[in-house]
Amino acid sequence: MIGLVTALSSEARPLVDAFNLKKDQGTRRFDLYRSDDLSLIVSGIGKIKSAIAVTILCQKFELSNLVNVGICGSRNMLRPVGQALAVHKITDATTGRDFYPELLTDYGLEEGALTTFDRVVTEDTPLEPNVELIDMEASGFFEAASYFLELDRIHIIKVVSDHLNVNHVTREFVAGLITRRVDDLRRVLTLLPAPKAPLFSPDELLDINRLVAHFRLTSTQQYQVLDWIRTSKVKGKFTVSLLEEFARTQPMGKSATKAILKNLHDHLV
Amino acid sequence: MYKRHFSHIYLETEAARFPDARSLIKKFSNAVVIEIDDYKRVFNRTRQNFQAQKNSMKLILATKKDRLLYPGSDMSPSFGHAQFYYNTMVLNCIYNCDYCYLQGMYDSANLVVFVNSDDFFSAVESKLQDHPVYLCISYDTDLLAFENVHPLCARWINFASTRPDLTVEIRTKSSNYKAIGHLHAVSNVILAWTLSPQAVTQTYEVQTPPLEQRLRSVESAIADGWRVRLCFDPVLAVKNWSNVYGDFLESLRLRVSWDKVYDVSVGTFRMNGGYLSKIKSARMDSDILYDTMKLEDGTASYPAPVHEEIMAWMTDKLRPLVGSERLHI
Ligand code: SF4
């Protein structure tokens, strides 16, 4: 499942509609929506809330990717309002820490560097010369997300909403901006890294656990057996029937267990 | 679907003033340049996916202030040289061999190029004041493969040509001899090609040129008068290894001018045990990483009987071709 995080309901609404997401009753403080393969949480404004929302989403679902979608301001007038961007650098304005989202896949979007502020930035706010794109969530989102996922599975897509004059940025305006970028986002979602394929099928895992329990192994022996099984699987030798054969024997005492383990080792590795 | 390699260049603020940085940025003029304070903040990030990054490697331009010259490691053959050193002007490699320890040593597959190259040359120069130096320059990378991007091999060859006390080894799996083919052979530079059977190359030496192309480079280098070392290292205990390596050595026996080969080295798979565990926890797509290994003094390698059998077998095959003197095991 892919997890989307937006700050505002006006950012979420067009995505909920476009991806046909249903409200999930699971959380009290955050609005959560989902389908079979997509979940969306509305964090509220600010990096702490974004980090909490990421944590909730990651604890609730097995996520393959996390995407922060939202609006951002641009100090650069050459970036048109409505432009969608992939973020390649985030600076936290308060701590000065930098984060570097991976951009391995070509999403067909422009890119930019973003600074996350703790307060609203306007035309009058004094800014460092290198500040270009501005938001209030990305650093918190990214830092929290990187506790749960590898960096190539964390993505930040922003849509330019203003050039630091926020008067016109109403809910309807934001919803309109995101709506016009739904196709871009749909494309991005299809290009995200696939979920990692597990080495063992659920049935194989059940059999493995049954075998390990059957022999009443010490934790070191268990670790060893699991390592052999993993090796055997990678080498394409592993079959469940092999395990079943071993599970038929009933070890009597330590030396019998040792002999069976040796035999198992020779068959697996 | 992946962005092309070096689509992004992370540029350390300190590195920007060096000519090498400027020329590399010019070479990849379409790359997005991202300013960074310190390369380690990008390169050493936790939770990078090394194998995913191999699909779209980025370039990191940085400066290296210390450890410009390392004493040789126990895991590398020193070819009888007491003063054995290596340096790392580039971290990581454009190839992606399954058995490469770099996957375990680094968190990132991105290439770091240290652009303060003069400092590396000065470090060797000052060591030469004390004693002769045997230097491997293509250590945590494959420099000749990268020569078209960044011509460091040519610079070292020129440097060595006026310093007889320096011996430079350039180890490669590339077929890029043409990148330095315009230079005159220098007697204290050894061009070392790692060769493996084509089946092994194809399966486990991902992105490297086929054996045939490497052999053509070897032949050209020998014909031009270079000292050429052939490295059968690592020999892998693949299924039917003696047949696979037997056919391979037989084809080389007929093909290579053995009398003109400077020397030959042989070794079997080995790797720092911690690196191997890290690699195994990240990837389950390469059977050779899962071969039975023994762990001794922190090094994972084939159990003694396997290692000894392979080494004895390889020695038997190679000794008639190069003699014992030129065979390093
Ligand atoms: S050529 Fe050498 S450095 Fe490059 S990936 Fe292969 S083993 Fe590693």
Side-chain angles (χ1 to χ4, degrees), chain A residues 65 85-91 96-114 129-130 132 142-143 145-154 187-188 190-194 196-200 227-238 265-266 268-269, chain B residues 1-13 30-58 60 98 107-110 237-239 276-277 279-293 295 303:
Chain A
N65 290 273
L85 298 143
V87 172
H88 58 226
K89 178 179 179 179
I90 309 157
T91 303
R97 267 190 79 186
D98 294 323
F99 303 91
Y100 302 95
E102 302 273 35
L103 282 166
L104 305 181
T105 307
D106 193 349
Y107 299 133
L109 298 178
E110 293 285 320
E111 288 182 22
L114 176 83
N130 58 350
E132 192 199 351
F142 192 86
E143 192 169 3
S146 57
Y147 278 98
F148 297 99
L149 294 181
E150 287 175 308
L151 301 186
D152 61 311
R153 296 175 177 275
I154 306 170
R187 183 182 65 247
V188 169
T190 63
L191 295 171
L192 298 182
K196 286 191 174 169
L199 187 60
F200 296 102
D227 193 47
W228 299 339
I229 291 173
R230 202 163 80 114
T231 298
S232 173
K233 180 77 177 179
V234 172
K235 286 183 162 283
K237 290 199 229 165
F238 176 81
H265 170 266
D266 294 346
L268 286 171
V269 182
Chain B
M1 222 50 103
Y2 286 106
K3 284 186 179 275
R4 66 190 188 288
H5 293 311
F6 311 140
S7 61
H8 294 71
I9 298 177
Y10 295 93
L11 175 65
E12 219 181 48
T13 317
N30 289 328
V32 177
V33 178
I34 302 170
E35 267 188 52
I36 56 173
D37 292 338
D38 178 351
Y39 83 93
K40 291 183 193 129
R41 299 229 181 111
V42 178
F43 190 64
N44 295 348
R45 287 171 299 162
T46 51
R47 299 192 74 87
Q48 295 178 79
N49 182 335
F50 192 101
Q51 285 303 322
Q53 288 177 334
K54 274 287 176 191
N55 295 304
S56 173
M57 290 178 279
K58 315 300 186 195
I60 301 173
D98 284 25
D107 290 316
S108 173
N110 295 329
V238 292
K239 203 168 168 212
L276 183 61
S277 308
I279 299 168
K280 282 171 74 171
S281 69
R283 60 186 298 191
M284 279 156 245
D285 59 344
S286 179
D287 57 353
I288 51 162
L289 299 169
Y290 286 81
D291 283 339
T292 304
M293 303 276 171
L295 189 65

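Each chain gets a letter, A, B and so on, in the order its sequence line appears, and its residues count up from 1. Note that the structure is predicted; figures quoted are calculated from it, not measured.
Applying the side-chain hydrogen bond (donor to acceptor under 3.5 Å, both in side chains) test to B:Lys54 and every residue at least two apart in sequence or in another chain returns nothing. Partners of A:Phe148 by ring-ring contact (aromatic ring centres under 6.0 Å, His included), not counting sequence neighbours: none found.
Contact between B:Gln48 and A:Leu151 at its shortest, heavy atoms only, is CG-CD1, 3.8 Å. Listed here is the closest heavy atom pair of A:Val234 and B:Tyr290: CG1-CD1, 3.6 Å.
When heavy atoms are compared at a cutoff of 4.5 Å, B:Lys58 approaches chain A solely by way of its side chain, counted from C-beta outward. Proximity to chain A is absent for every atom of B:Leu289, based on heavy atoms less than 4.5 angstrom apart. Interface remark: B:Asn49 contributes backbone and side-chain atoms alike to the contact with chain A (heavy atom separation under 4.5 Å). For chain B, the nearby parts of A:Leu104 are the backbone and the side chain; heavy atoms of each come within less than 4.5 Å. Only the side chain of B:Arg45 comes within contact range of chain A, with heavy atoms under 4.5 Å apart. When heavy atoms are compared at a cutoff of 4.5 Å, A:Tyr147 approaches chain B solely by way of its backbone atoms N, CA, C and O.
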After noting the C-alpha distance and the side-chain angles of B:Asp291 and A:Lys235, does the key distance pass the side chain to side chain contact (heavy atoms under 4.5 Å, CB included) rule? CA-CA 9 Å; B:Asp291 283 339; A:Lys235 286 183 162 283; 2.4 Å; yes

Passes side chain to side chain contact (heavy atoms under 4.5 Å, CB included), A:His88 versus B:Val32? Steps please. CA-CA 9 Å; A:His88 58 226; B:Val32 177; 3.3 Å; yes

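Put simply, of A:Val269, A:Leu149, A:Leu199, the one with the most heavy-atom pairs under 4.5 Å next to chain B is A:Leu149.
Atoms OH and CG, on B:Tyr2 and A:Leu191 in that order, are 10.5 Å from each other to the nearest 0.5 Å. Taking OH of A:Tyr107 as the reference point, atom CE of B:Met1 lies at 11.5 Å (rounded to 0.5 Å). A distance of 7.5 Å separates CG of A:Leu103 from CD1 of B:Ile34, quoted to the nearest 0.5 Å. With values rounded to the nearest 0.5 angstrom, A:Thr91 atom OG1 is found 10.5 Å from B:Glu35 atom CD. Distance check: B:Gln53 CD to A:Glu150 CD gives 9.5 Å after rounding to the nearest 0.5 Å. Atom NE2 of B:His8 sits about 3.5 Å away from atom CD of A:Glu111, to the nearest 0.5 Å.
Counting only heavy atoms from C-beta outward, the side chains of A:Lys233 and B:Met284 never approach each other to under 4.5 Å.
Residue A:Lys237 places its NZ atom among more than 12 non-hydrogen atoms of other residues, nucleotides or ligands, all under 6.0 Å distant.
Using a distance-only test at 3.5 Å, with no hydrogens or angles considered, no donor-acceptor pair links the side chain of A:Lys89 to the main chain of B:Ile36.
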